[in-house]
Amino acid sequence: MIEAEFEWSRLGNIETGRGNLGSEAPVEMYRLLQYTIFDELSNRFDDDTAENIYRSAGFRAGLAFSRNIMEKKEDFYDFISECQEKLRSMKIGILRIEKADLDNLELMLSVSEDLDCSGLPLQENTVCVYDEGFLAGILFDYTGEHFDVKEVDCWATGDRTCRFDARVIR
């Protein structure tokens with residue numbers, strides 16, 4: 001799925017480079033970056049291609065996040081607990097496991113106060129394709145299995161949390 005792993009060092013030394021401003025930035029600036037890049041991709045290609053690129057980028061980010069931010073935990077629930085803490089402390093979102101069938105590697109996850117969409121106006125479609133990839137990347141790093149992660153509920157479609165169905169690809 002990925003040709004080369006993202007190099008975490010490309011993020012640089014934020015502490016040195018942003019001695020006065022620090023590591024935090026407004027959500028509006030993150031979304032401005034994200035949605036203008038998506039619009040540019042959609043203009044050059046089509047929405048499906050733009051979504052696939054975003055999902056793949058999210059996968060790379062989730063994999064890098066898991067490998068560089070999280071510790072390896074053997075127990076699934078310890079892994080999820082750490083993931084919940086990291087996502088919350090980094091202000092990415094509030095992760096919950098709503099259902100877990102570990103024998104079949106099928107999960108229903110929700111992310112509240114999602115960095116990508118919480119507070120957006122109503123739209124016809126779910127918008128968190130980057131998050132689909134991000135979650136798939138984290139799950140891949142933990143299990144070694146590729147997951148199909150699909151957003152089934154989204155703030156942008158009227159729900160007040162984003163919900164993702166995650167199933168191992170067989």
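By convention here, the first residue in the shown sequence is residue 1. Quantities reported herein were computed from a predicted structural model and do not represent experimental measurements.
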Is the shortest heavy-atom distance from the side chain of [X] to the side chain of [Y] under 4.5 Å?
{"X": "T126", "Y": "D153", "result": "no"}
{"X": "D159", "Y": "C154", "result": "no"}
{"X": "I97", "Y": "L109", "result": "yes"}
{"X": "R160", "Y": "W155", "result": "yes"}
{"X": "T143", "Y": "V168", "result": "no"}

Checklist entry - Under the side-chain contact (heavy atoms from CB on, under 4.5 Å) criterion, do L102 and L107 qualify, and how do the steps go? => result CA-CA 8 Å; L102 299 182; L107 306 165; 4.3 Å; yes
Next on the checklist: With salt bridge (Lys or Arg N to Asp or Glu O under 4.0 Å) as the rule and sequence neighbours excluded, what pairs involving residues 27-42 come up?
Outcome noted: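 Applying salt bridge (Lys or Arg N to Asp or Glu O under 4.0 Å) to every pair that reaches into residues 27-42, excluding sequence neighbours, yields E40-R44.
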Checklist entry - Please walk me through it: do R67 and W8 pass side-chain contact (heavy atoms from CB on, under 4.5 Å)? => result CA-CA 9 Å; R67 290 183 176 171; W8 194 259; over 6 Å; no
Next on the checklist: How close do F76 and A100 get, counting heavy atoms only, and between which atoms?
Outcome noted: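 Closest approach of F76 to A100, heavy atoms only: CE2-CB, 4.5 Å.
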Checklist entry - Do E151 side-chain atoms and E132 backbone N/O form a donor-acceptor pair below 3.5 Å? => result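 Side chain of E151 to backbone of E132, a donor-acceptor pair under 3.5 Å: no, none is there.
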Next on the checklist: Between S81 and Y77 (side chain of the first, backbone of the second, donor and acceptor by atom type, cut-off under 3.5 Å), is there such a pair?
Outcome noted: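 Checking the backbone N and O of Y77 against the side chain of S81, no donor-acceptor pair under 3.5 Å is found.
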Next on the checklist: Pair C162, D131 - check side-chain contact (heavy atoms from CB on, under 4.5 Å), show working.
Outcome noted: CA-CA 10 Å; C162 295; D131 291 352; 5.6 Å; no
Item to check | Residue pairs passing the ring pair (Phe, Tyr, Trp, His ring centres under 6.0 Å) test where at least one lies in residues 83-113, sequence neighbours excluded | outcome: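 Of all non-adjacent pairs touching residues 83-113, none passes ring pair (Phe, Tyr, Trp, His ring centres under 6.0 Å).
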Item to check | Mutual orientation of the aromatic rings belonging to F79 and Y142 [parallel < 30°, tilted 30-60°, perpendicular > 60°] | outcome: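 It falls in the parallel class, under 30°.
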Next on the checklist: Students often mix this up, so state it plainly: with edges at 30° and 60°, are the rings of F65 and F134 parallel, tilted or perpendicular?
Outcome noted: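 Geometry flag for F134 against F65: tilted rings.
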Checklist entry - Linking I/L/V/M/F/W/Y whenever any side-chain heavy atoms sit under 4.5 Å apart, do Y30 and F38 land together? => result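 They do share one cluster, since a chain of ILVMFWY contacts under 4.5 Å joins Y30 to F38.
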Checklist entry - What about M90 and I138, same hydrophobic cluster or not, with Ile/Leu/Val/Met/Phe/Trp/Tyr joined at side-chain heavy-atom distances under 4.5 Å? => result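 They do share one cluster, since a chain of ILVMFWY contacts under 4.5 Å joins M90 to I138.
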